[in-house]
Amino acid sequence: MFFFRMIFRSFSRQFKRRLLIAVTVCLSATVSVAMLGVVFDVGDKLNAELSTYGSNITVQPKADAVVNDLYNTGGDANSNASGTSESDPTTFLKESDAPKIKTIFWAFNITNFAPELNIHADVNCASESVDSSSCKASGVPIVGTWFAKTLHMDSGESTVAGMNGMRSWWKLDGSWPKDDSAQGLIGTTLASKLGVIKGDTVTLYKTTADGSRNKQRITITGIYDSGDSDNNAMYIPSSTAQVLANLPDSIDKIEVKALTTPDNDLARKASKNPNALTQDEWETWYCTAYPSSIAYQIEEVIPGSVAKQVRQVAALQGDVLQKTQAVMVLMTVLSLVAAAIAVANLMAASIGERGSELALLKAIGATDGAVSRLMLAETAVISLVGAIVGALLGSGVAQIVGHVVFGSGITMRPMVFVLVFVLLTLTVLIASFSSIRSILGLKPAEVLHGR
């Protein structure tokens, strides 16, 4: 009875210090749960966020890919404003094959795609608001594409693909054109050069391979600002561009936006030569959403194609992901270190104030182990309460971070809570080590006599 009365009185006198320990552990648990919760869920969130800034996989005819690899002409020095070569393409893919992209193993990771036919045409204005004699341009980049095309798959599912989702960062004055129509978008630079405004009509002239000269009137539904040299181009429906160029069912490029897993050593090995993989490596690579494995599967379903990841985008995703995770892990480590220091100091102060009580317990027969277990039990109960409250608060903080940064909630995995509780247990044990040593060094006779 005396033993329990001492514990109760001890709790009353030491309430503030115990409360500080609980608060310290609670804050550390809050930070740890929030940061680790985001770390384990940040991969998909970051990829989804970064994928809004363009495609990360491009598909093109195999012959073009070979030429680009040999002469390094992949859309830089020899490209015009819209990223197409100065001359019209000579090899093509079939536009009718493009929907097959949504039939691969990682179909649900393909968030959007858009085929392109990149040609050049002469432009004359045909509007009362514009002086047609001065509104002329030759060799204007024309991109035939989808804008928001609804595709009905053989599986019975439907999906919408096109530039409407691929170019979400564009600033558009007007509205998106309708697919399979005589409508189009014009870049701000080209619009300024021609003196065209939305609602105007322009006429495109194109000399085809057989020598005939086709023309097509296009109504401008909007003027876009891409923020780069793409403002020199005009975008029209792919079917309209194919009629103009006399290239039915032809495209020379497909831009694909996919949610991917950042490359690792296995992915880099596979991207060099998939045939060099062992059977186990092959299965792991093929069944993981690496950019290279998704590109490989696209090549399997689109005849005569080569799919390549856009290295800059893939590298950016991996780099941003690693740095974000590193920052959050560092914050978790710092919070645990701060908790260890605080708990160690609070326990040391508590033992210093309770020296006479602990000495008395040892004097009436309590062993060093019993006294140490008593202090550890008190600290463990206090820390457990703080950890539980901190875990709940951390889950809430993680959701706030998710909605503020990524616009969606964070999926809290059970392993996050298990990991945090294990880390906090180790932290408290390490912090208690020096205090336990001081308990073992207590000599009842000296303490009780005030020495």
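Computed from heavy atoms alone, side chains included, the values below leave out hydrogens, waters and symmetry copies. Everything numeric here is computed off the predicted structure, so don't read it as measured data.
A distance-only check finds no donor-acceptor pair linking the side chain of Asn345 to the backbone of Ala342 [under 3.5 Å]. At distances below 3.5 Å, not a single donor-acceptor pair connects side-chain atoms of Asn109 with backbone N or O atoms of Ala289. Distance alone, capped at 3.5 Å, places no donor-acceptor pair between the Lys136 side chain and the Asn124 backbone. The closest donor-acceptor contact from the side chain of Glu299 to the backbone of Val306 lies at 3.5 Å or more, if one exists at all. Listed for the Ser28 side chain is no donor-acceptor partner under 3.5 Å among the backbone atoms of Thr24.
Interatomic distance, CG of Leu204 versus CD1 of Ile119, reported as 8.0 Å (0.5 Å rounding). In this structure, the separation between NZ on Lys206 and CG on Asp88 is 3.0 Å, given to the nearest 0.5 Å. With rounding to the nearest 0.5 Å, the separation of CD1 in Ile57 from CD1 in Ile254 is 11.5 Å. Atom-to-atom distance recorded for Asn118:CG and Ile251:CD1 is 10.5 Å, nearest 0.5 angstrom. For the atom pair Lys62 NZ and Ile302 CD1, the distance stands at 12.5 Å (nearest 0.5 Å). In this structure, the separation between OG on Ser192 and CD1 on Ile197 is 12.5 Å, given to the nearest 0.5 Å.
Residues Leu424 and Ala29 approach most closely at CD1-CB, 3.6 Å, considering heavy atoms. Counting all heavy atoms, side chain and backbone alike, Lys257 lies closest to Gly165 at NZ-O, 2.7 Å. Across all their heavy atoms, Asp252 and Thr91 have their closest contact at CB-O, 4.1 Å. Taking each heavy atom of Gln242 and Leu117 in turn, the nearest pair found is CG-CD2, 3.7 Å. Between Val33 and Ser395 the shortest heavy-atom distance is CG1-N, 3.8 Å. Contact detail for Asp180 and Pro237: the closest heavy-atom pair is N-CB, 3.6 Å.
Proximity of Thr111 to Leu259: side-chain heavy atoms (C-beta onward) are separated by under 4.5 Å at one or more points. Put simply, the side chain of Asn264 reaches to within 4.5 Å of the side chain of Tyr290, judged on heavy atoms. Side-chain contact check for Ser181 versus Thr240: every heavy-atom pair is 4.5 Å or farther apart. Contact annotation: the side chain of Ser158 never approaches that of Leu151 to less than 4.5 Å [non-hydrogen atoms, C-beta and beyond]. No side-chain heavy atom of Met331 sits under 4.5 Å from any side-chain heavy atom of Leu334. Contact check for Thr203 versus Val123: no side-chain heavy atoms found under the 4.5 Å cut-off. Annotation: side chain of Gln183 is not in contact with side chain of Ile218 (no heavy-atom distance under 4.5 Å). When side chains are defined from C-beta on, Leu185 does not count as touching Ile223, because their heavy atoms never get closer than 4.5 Å.
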**OP:** Give the C-alpha distance, both sets of side-chain angles, the deciding distance and a yes or no for side-chain hydrogen bond (donor to acceptor under 3.5 Å, both in side chains) between Asn231 and Thr188.
**Re:** CA-CA 5 Å; Asn231 286 335; Thr188 53; 3.3 Å; yes
**OP:** Walk me through it: do Lys149 and Val160 pass the test side chain to side chain contact (heavy atoms under 4.5 Å, CB included)?
**Re:** CA-CA 5 Å; Lys149 195 175 185 68; Val160 177; over 6 Å; no
**OP:** Show your reasoning for whether side-chain hydrogen bond (donor to acceptor under 3.5 Å, both in side chains) applies to Ser292 and Trp285.
**Re:** CA-CA 9 Å; Ser292 55; Trp285 170 71; 2.9 Å; yes
**OP:** Check the pair Ser32, Leu336 against side chain to side chain contact (heavy atoms under 4.5 Å, CB included), reporting the backbone distance first and the verdict last.
**Re:** CA-CA 8 Å; Ser32 299; Leu336 292 173; 3.9 Å; yes
Original post:
Could you go step by step and tell me if Asp225 and Trp169 meet the side chain to side chain contact (heavy atoms under 4.5 Å, CB included) rule?
Top reply: CA-CA 9 Å; Asp225 181 7; Trp169 70 91; over 6 Å; no
Subject >> Intermediate values then yes/no, side chain to side chain contact (heavy atoms under 4.5 Å, CB included), Phe417 and Met412 >> reply: CA-CA 9 Å; Phe417 299 101; Met412 298 301 297; 4.1 Å; yes
**OP:** Begin from the C-alpha positions of Asp210 and Thr208 and carry the test side-chain hydrogen bond (donor to acceptor under 3.5 Å, both in side chains) through to its verdict.
**Re:** CA-CA 5 Å; Asp210 60 9; Thr208 63; 2.3 Å; yes
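A salt bridge is defined here as a Lys NZ or Arg NE, NH1 or NH2 lying under 4.0 Å from an Asp or Glu carboxylate O, and Asp122 with Arg213 meets this definition. Residues Glu255 and Lys253 are paired through a salt bridge, judged by an N-O separation under 4.0 Å between the basic side chain and the carboxylate.
The side-chain hydrogen bond (donor to acceptor under 3.5 Å, both in side chains) contacts involving residues 137-147 comprise Glu95-Trp146, Trp146-Ser238, where partners must be two or more places apart or lie in separate chains.
Under the salt bridge (charged side-chain N to carboxylate O under 4.0 Å, His left out) criterion, Asp249 pairs with no residue at all, not counting sequence neighbours. In this structure, the salt bridge (charged side-chain N to carboxylate O under 4.0 Å, His left out) partners of Lys269, at least two apart in sequence or on a different chain, are Glu281. For Phe147, the ring-ring contact (aromatic ring centres under 6.0 Å, His included) test picks out no residue, with sequence neighbours left out. Partners of Leu392 according to the side chain to side chain contact (heavy atoms under 4.5 Å, CB included) rule, which considers only residues two or more places apart in sequence or in another chain, do not exist here. The salt bridge (charged side-chain N to carboxylate O under 4.0 Å, His left out) test applied to Lys178 returns no partner, not counting sequence neighbours.
Side chain to side chain, Thr201 and Arg217 fail the donor-acceptor criterion of an N or O pair below 3.5 Å. Inspection of the Thr260 and Trp106 side chains reveals no N or O donor paired with an N or O acceptor under 3.5 Å. No hydrogens or angles considered: nothing links the side chains of Asn246 and Asn214 as a donor-acceptor pair under 3.5 Å. Counting only N and O atoms by type, the side chains of Tyr224 and Asp173 include no donor and acceptor under 3.5 Å apart.
The ring of Trp282 has its center closer than 6.0 angstrom to the ring center of Tyr296.
Within a 6.0 Å radius of CZ in Phe105, other residues, nucleotides and ligands contribute more than 12 heavy atoms.
Between Trp176 and Trp170, the ring planes lie parallel to each other; the angle is under 30°, not in the 30° to 60° tilted range.
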